[in-house]
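Protein chains get the first letters and strands the later ones, always in sequence-line order, with residue 1 at the start of each.
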Amino acid sequence: MLKRTHMCGELRSDHVGQTVTLAGWVNTYRDQGKGLIFIDLRDRDGLTQVVFNLRDVDEAAVNEARSLRREDVVAVQGLVRTRVGGANPRLATGTIEVAADKLEVLGKAETPPILPDEHEAEKIAEEKRLQYRYIDLRRPRMQKMLRTRHEVMQVTRRFFASHGFLEVETPLLIKTTPEGARDFIVPSRLYAGKWYALPQSPQIFKQILMLSGCDRYMQICKCLRDEDPRADRQAEFTQIDLEMSFVTRDDVLAIMSEFITTLWSEILGVDVGEIPVLGYAEALDRYGTDKPDLRFGLELAEISPLAARTEFKIFRDALSKPQGVVKAIRVPAAAGTLTRKKIDGYERLAREAGAGGLATVKYTATGYETGIAKFLEPIADELAAQLALEAGDMVFFAADTRAVALRVLGELRVALGRDLGLIEDAFRCLWVVDFPMFSYNDERGRWESEHHPFVMPREDQIQRLQSDPGGCISSSYDFVINGSECGSGSIRIHRTHIQKKVFEILGLTPQETQLKFGFLLEAFKYGAPPHGGIAFGLDRLIMQLTGVTNIRDVIAFPKTQTGADLMTGAPGPADSEHLKELSVRVHLPKRQIPEPETREPKP
RNA sequence: GGGGCGGUAGCUCAAUUGGAUAGAGUACCGGACUGUCGAUCCGGUGGUUGCGGGUUCGAGUCCCGUCCGCCUCGCCA
């Protein structure tokens, strides 16, 4: 076999005169007839033009080159020389070419079902790209993604190692934990009828590591949650998981801010600047969400006191509800640009978000026009002053319970920012802190953890666990970048009596607590340091760093929305022998679930 | 589980109100061409219109069911 001497993106004018050997895939071929054939050879590094010329090589080699087709794998030996036909400025190697004298076909390709062309990739059905992932991954952009992902992992390990973190692996086959997402479970062969769970996160193990004196832990680990995927969510995903002993919240935020700054600097050469900290309540009030996109303004305004002075029934009805509010969003200079159709779309969006409708008004030099203009007369000047209105602005109103109004305007804000082109090309990070400890689930009639059951209340809030669980503020924090939640953590409970109290609020009986978390409570008894940490969503960080909106594009081998792997055909059936060993019997529901189709390439 | 969009040649798409032999680009096959570079030019092969049923003289098109993919709500401590 011809041994490779260089990569396909490597050769420059400096190499002219050298005899080299390249190996890779035939990206394109251009047969000029008689005895002149060009091959663009591709590997993960780039493209190099190889030329077969009857004037330089024997006829057998030219004939073999003539039979080359796209995606054939070949090795080529030849002389690097300046291009006879002029440079190609679109290629990094565009000034040179390799004049082949030896060709070895290492892997002849059948006609490929899809081609790894960047200009085609956007059009090819994702189903096909997933089915033939090995071809799709040959695209430069996908190679770039794999490389970026690799670099992020390298930077991460280097950063945390240099800050005293130990990389420790935690088990995949673990005990199922109640609450949280649905677990994937694995039958135990040695304990008939018993099951392992796959981890939703290494949460308990990393806390145990703190009790074990590990002091600082990190791991890049797979987490599995059996819930329906979304554009930014897979059942199987990767976390950068971290935990530190003897720290306060601000200690964690400081070092994690430094990590993010380092990451963006090393991967993109971008300075993300000081990362601001925003309270949960303030984030909701100003942006209608706990993961605000700070790349544009359009902040929400609270106008309940003014709204109360109008005769508008929608406003008055909303304000008479418990937690009723009227909130407004000023859209600068939108009166001329927002079409009727767009505004109708926003009204539909508002209804889908739970609102009864969406009140609108235009502000002009002569006052309010259209929509609910007439109702605003009693508060005309004060409203204009509070919202700092200028002629040409529009205002959207949401009047409902606080939760609904915030959700409606929060979603509207994002849609407006996008539609009006207000989103700046930048990375805007922030920490959101001071989340509530619990939220009340009306359906289930009980308190649930806002984050998870091991989150410590903020130090000044501990007594509220007893008196006012709903008002109790936690020590947790979320990392948000450009409106995407990419990390989440907290200071943990390390005192048994507080942990027991939290379990009690969550409705676990002492017996259940003992059964499910007895080992953890026991562990706390024998010397537990205060500790806290965070987990970053690696996939989401890579999405931000590579500018893609689909999590499947940053995972080498992702699954579909129904949890299938279109390349391998997983999930598949287990044979009955195997099931018998595991003491598992399959009991299909009445409506049979068909096997996922295995996608064998046609012969 | 709900809502929305989509599925026609290997790939990307078209096909009028239900009407004749389902077309185009590209890939592939054959031919021409010694400086191309998303090569070009000429010719050709290629179809279970996702699958099953129904309505009709006639279905890619209409109806019912079902499968697959994407977006989304629920869900995601």
### Query
Any N or O donor-acceptor pair linking the side chain of A:Glu97 to the base of B:G35 at under 3.5 Å?
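When only heavy-atom distances are counted, A:Glu97 does reach the base of B:G35 through a donor-acceptor pair under 3.5 Å.
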
### Task
Establish whether the base of B:C76 is bridged to the side chain of A:Arg225 by a donor-acceptor pair shorter than 3.5 Å.
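When only heavy-atom distances are counted, A:Arg225 does not reach the base of B:C76 through any donor-acceptor pair under 3.5 Å.
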
Closest to the [X] side chain, choosing from [options]:
X: A:Asp40; options: B:C37, B:U34, B:U12; value: B:C37
X: A:Glu127; options: B:C37, B:G69, B:G74; value: B:G69
X: A:Arg30; options: B:G69, B:C11, B:A39; value: B:A39
X: A:Gln561; options: B:C33, B:C75, B:C70; value: B:C70
X: A:Ala564; options: B:G10, B:U34, B:G69; value: B:G69
X: A:Thr28; options: B:C37, B:A39, B:U72; value: B:A39

On a whole-Å scale, what distance lies between the [atom1] atoms belonging to [N] and [M]?
N: B:U17; M: B:C11; atom1: P; answer: 28 Å
N: B:U45; M: B:A9; atom1: C1'; answer: 11 Å
N: B:G74; M: B:U55; atom1: P; answer: 43 Å
N: B:G10; M: B:C71; atom1: P; answer: 26 Å
N: B:A15; M: B:C57; atom1: C1'; answer: 22 Å
N: B:U26; M: B:A39; atom1: P; answer: 11 Å
N: B:U34; M: B:G50; atom1: P; answer: 46 Å
N: B:G31; M: B:G18; atom1: C1'; answer: 43 Å

### Message
So, OP1 or OP2 of B:C71: does either fall under 4.0 Å of a side-chain N or O from A:Arg552?
### Response
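Indeed, a polar side-chain atom of A:Arg552 lies that close.
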
### side-chain N/O A:Thr560 vs B:C68 OP1/OP2, d < 4.0 Å
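For B:C68, OP1/OP2 do not have a side-chain N/O of A:Thr560 under 4.0 Å.
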
### Query
Roughly how far, to the nearest 0.5 Å, is the CG atom of A:Leu130 from the OG1 atom of A:Thr568?
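Reported value, rounded in 0.5 Å steps: 11.0 Å.
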
Might you list the N or O atoms of the protein lying below 3.5 Å from N or O atoms in nucleotides 27-29 of chain B, with each pair's distance?
{"from": "B:C28", "atom 1": "OP2", "to": "A:Tyr29", "atom 2": "OH", "distance (Å)": "3.1"}
{"from": "B:C29", "atom 1": "OP1", "to": "A:Arg69", "atom 2": "NE", "distance (Å)": "3.4"}
{"from": "B:C29", "atom 1": "OP2", "to": "A:Arg69", "atom 2": "NE", "distance (Å)": "2.7"}

#### Entry: Sole candidate of A:Asn550, A:Ile555, A:Val548, A:Ile481 that passes side-chain contact (heavy atoms from CB on, under 4.5 Å) when paired with A:Met543
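So the option named by the test is A:Val548.
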
### Task
Report, as yes or no, whether the 6.0 Å neighbourhood of atom NZ on A:Lys342 holds more than 12 heavy atoms from other residues, nucleotides or ligands.
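Not more than 12 within 6.0 Å, no.
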
Provide, to the nearest angstrom, the distance between the [atom1] atom belonging to [X] and the [atom2] atom belonging to [N].
X: A:Tyr132; N: B:C11; atom1: OH; atom2: P; answer: 7 Å
X: A:Glu110; N: B:C11; atom1: CD; atom2: C1'; answer: 16 Å
X: A:Arg66; N: B:C33; atom1: CZ; atom2: C1'; answer: 10 Å
X: A:Lys34; N: B:C33; atom1: NZ; atom2: P; answer: 3 Å
X: A:Asp228; N: B:G74; atom1: CG; atom2: P; answer: 12 Å
X: A:Phe38; N: B:U40; atom1: CZ; atom2: C1'; answer: 13 Å
X: A:Asp232; N: B:C71; atom1: CG; atom2: P; answer: 10 Å
X: A:Asp478; N: B:C76; atom1: CG; atom2: P; answer: 16 Å

### Task
Go through the structure and list residues passing side chain to side chain donor-acceptor pair (under 3.5 Å) with A:Gln544, not counting sequence neighbours.
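So A:Gln544 forms no side chain to side chain donor-acceptor pair (under 3.5 Å) with any residue.
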
### Query
How would you list, by chain and number, every residue that makes a side chain to side chain donor-acceptor pair (under 3.5 Å) with A:Gln219, sequence neighbours excluded?
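For A:Gln219 the side chain to side chain donor-acceptor pair (under 3.5 Å) partners, ignoring immediate neighbours, are A:Thr170, A:Tyr217.
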
### Task
Could you please spell out the steps behind the salt bridge (Lys or Arg N to Asp or Glu O under 4.0 Å) verdict for A:Asp40 and A:Arg30?
CA-CA 9 Å; A:Asp40 285 346; A:Arg30 296 178 289 278; 3.0 Å; yes

Counting the atoms with a prime plus P, OP1 and OP2 as sugar-phosphate, which does [X] contact under 4.0 Å by heavy atoms, base, sugar-phosphate, or nothing?
X: A:Asp31; value: base
X: A:Arg81; value: base
X: A:Gly86; value: base
X: A:Thr562; value: sugar-phosphate

### Message
Can you work out whether A:Ile124 or A:Gln203 has the more 5'-proximal nearest nucleotide on RNA chain B?
### Response
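Result: A:Ile124.
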
#### Entry: For A:Lys559, all residues meeting salt bridge (charged side-chain N to carboxylate O under 4.0 Å, His left out), sequence neighbours excluded
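With sequence neighbours excluded, A:Lys559 shows a salt bridge (charged side-chain N to carboxylate O under 4.0 Å, His left out) to A:Glu236, given in chain and number order.
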
#### Entry: Cation-pi check, A:Arg69 onto A:Tyr29 ring (under 6.0 Å, within 45° of axis)
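Output yes; distance and angle both within limits.
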
### Task
Have a look at A:Asp117 and tell me which of A:Arg129, A:Arg70, A:Arg138 forms a salt bridge (charged side-chain N to carboxylate O under 4.0 Å, His left out) with it.
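Single pass found, and it is A:Arg70.
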
### Message
For RNA chain B, which residues of residues 41-52 of chain A approach it to below 4.0 angstrom with any heavy atom?
### Response
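Per residue number, the list reads A:Gln49.
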
### Query
Applying salt bridge (charged side-chain N to carboxylate O under 4.0 Å, His left out), which residue pairs with at least one partner in residues 470-485 of chain A are found, sequence neighbours left out?
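Residue pairs passing salt bridge (charged side-chain N to carboxylate O under 4.0 Å, His left out), neighbours aside: none found.
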
### Task
Measure up the A:Phe503 and A:Phe517 rings against each other and bin them: parallel (under 30°), tilted (30 to 60°), perpendicular (over 60°).
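Plane angle under 30°, so parallel.
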
